[in-house]
Amino acid sequence: ITGPTPEADFILETKSTVDLPSRFRVVMEINQSWDWNEYWSNVKYPDNEAYKTSSQPAVVYEAVVDRDVPEKIYPMQLVGRSHYAGEDGKLYNDLETLTTAREIAASVKVRILP
């Protein structure tokens, strides 16, 4: 699912179209354009068109769901960031240069409904 980052709290309701295993991972990537900081400046990669509006890279959250455990709400943890221009699909774990990107979401949770 993709879409613009909402400006306020939101709930995303979705369901799987296939049978899920008892244990699986939910991953969310979120970004806020134009959030430059001292490290991620608008001149850092001047020849990369995608970076010119990206600013700080998107942050990635993750939760591991285990349906064999009675837990129904899984807090997602910040686990990394994407490529600065979204070019390679890799997860990078160096988060020390991110500032406001780490503050886009105060909390993210996965809730499993019966």
Side-chain angles (χ1 to χ4, degrees):
I1 297 173
T2 63
T5 302
E7 293 183 20
D9 292 353
F10 70 97
I11 296 174
L12 172 66
E13 292 185 29
T14 186
K15 65 180 183 175
S16 176
T17 58
V18 298
D19 289 333
L20 295 170
S22 62
R23 187 173 161 92
F24 59 94
R25 181 167 295 159
V26 178
V27 179
M28 180 187 85
E29 179 183 46
I30 190 169
N31 193 12
Q32 176 62 53
S33 296
W34 308 106
D35 61 341
W36 307 110
N37 69 16
E38 192 173 298
Y39 183 84
W40 297 99
S41 70
N42 60 354
V43 295
K44 189 167 183 69
Y45 300 103
D47 297 329
N48 188 303
E49 287 299 317
Y51 176 73
K52 288 181 181 179
T53 59
S54 176
S55 314
Q56 294 177 67
V59 290
V60 179
Y61 290 83
E62 172 186 87
V64 176
V65 174
D66 187 344
R67 297 184 317 162
D68 293 332
V69 177
E71 192 68 39
K72 298 297 180 207
I73 297 178
Y74 298 85
M76 297 188 86
Q77 303 298 320
L78 180 61
V79 294
R81 66 166 180 87
S82 62
H83 183 273
Y84 61 85
E87 293 178 354
D88 63 14
K90 294 179 182 177
L91 181 66
Y92 296 84
N93 60 11
D94 59 327
L95 301 172
E96 53 279 343
T97 60
L98 302 182
T99 55
T100 54
R102 297 174 71 136
E103 300 169 0
I104 296 171
S107 70
V108 184
K109 301 172 191 157
V110 174
R111 185 173 72 162
I112 304 299
L113 300 175

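Numbers here simply count residues along the sequence, with the first being 1. When reading the values below, keep in mind they use all heavy atoms of this one structure, side chains included, and skip hydrogens, waters and symmetry mates.
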J.: So which heavy atom on Pro57 is nearest to which on Ala101, and how close?
T.: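 Scanning both residues, the minimum pair turns out to be O-CB, 4.1 Å.
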J.: Dump the intermediate steps for side-chain contact (heavy atoms from CB on, under 4.5 Å) on Arg81 and Leu98, then the final yes or no.
T.: CA-CA 9 Å; Arg81 66 166 180 87; Leu98 302 182; 4.1 Å; yes
J.: Would a 4.5 Å heavy-atom cut-off, applied to side chains only, mark Asn48 and Tyr84 as touching?
T.: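 The answer is yes; the side chains approach within 4.5 Å.
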J.: Would you please say whether a donor-acceptor pair under 3.5 Å links the side chains of Thr100 and Gln32?
T.: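 The criterion, which ignores hydrogens and geometry beyond distance, is not satisfied for Gln32 and Thr100.
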J.: With a 4.5 Å cut-off on side-chain heavy atoms, are Asn31 and Ser54 touching?
T.: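 The answer is yes; the side chains approach within 4.5 Å.
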J.: Decide yes or no on side-chain contact (heavy atoms from CB on, under 4.5 Å) for Arg111 and Leu113, but give the supporting numbers first.
T.: CA-CA 6 Å; Arg111 185 173 72 162; Leu113 300 175; 3.7 Å; yes
J.: Run Leu78 and Val59 through side-chain contact (heavy atoms from CB on, under 4.5 Å) and show every step you take.
T.: CA-CA 7 Å; Leu78 180 61; Val59 290; 3.6 Å; yes
J.: Any donor and acceptor pair, going by atom type alone, linking the side chain of Gln56 with main-chain N or O of Asp35 inside 3.5 Å?
T.: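 Looks like yes, one N/O pair under 3.5 Å.
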J.: Hey, could you give me the OG/CD distance between Ser107 and Gln77, rounded to the nearest 0.5 Å?
T.: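 Result: 10.5 Å between the selected atoms.
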J.: Return the minimal non-hydrogen interatomic distance between Ser33 and Ser55, and the atom names on each side.
T.: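 Shortest heavy-atom separation between Ser33 and Ser55 comes out as C-OG, 4.1 Å.
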J.: Is it true that, when you exclude Lys109 itself, more than 12 heavy atoms of the residues, nucleotides or ligands shown sit nearer than 6.0 Å to its NZ?
T.: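 It does not: Lys109 NZ has 12 such atoms or fewer within range.
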J.: Could you check if a side-chain atom of Asn93 sits within less than 4.5 angstrom of a side-chain atom of Val79, using non-hydrogen atoms only?
T.: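 Side-chain contact under 4.5 Å: no.
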J.: Please assess Lys90 against His83 for the test side-chain contact (heavy atoms from CB on, under 4.5 Å), listing each intermediate value before the final yes or no.
T.: CA-CA 7 Å; Lys90 294 179 182 177; His83 183 273; over 6 Å; no
J.: Met76 and Val27: same hydrophobic cluster, using ILVMFWY side-chain contacts below 4.5 Å?
T.: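 Different hydrophobic clusters.
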J.: Looking only at heavy atoms, what is the nearest atom pair of Val110 and Ala63, with distance?
T.: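 Where Val110 meets Ala63 most closely, the heavy atoms are CG2-CB, 4.2 Å.
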J.: Decide if atom CD of Glu96 counts as having more than 12 heavy atoms of other residues, nucleotides or ligands within a radius under 6.0 Å.
T.: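 Atom CD in Glu96 is crowded, with more than 12 foreign heavy atoms closer than 6.0 Å.
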J.: Is it the case that atom CG in Asp68 sees more than 12 heavy atoms from other parts of the structure closer than 6.0 Å?
T.: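 Counting neighbours around CG of Asp68, more than 12 heavy atoms of other residues, nucleotides or ligands fall under 6.0 Å, so yes.
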J.: Looking at every heavy atom in both Arg67 and Tyr74, which two are closest together, and how far apart are they?
T.: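 Taking every non-hydrogen atom into account, N-OH, 4.4 Å.
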J.: What do you reckon, are the aromatic ring centroids of Trp36 and Tyr51 less than 6.0 Å apart?
T.: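 Distance test on ring centres: under 6.0 Å, yes.
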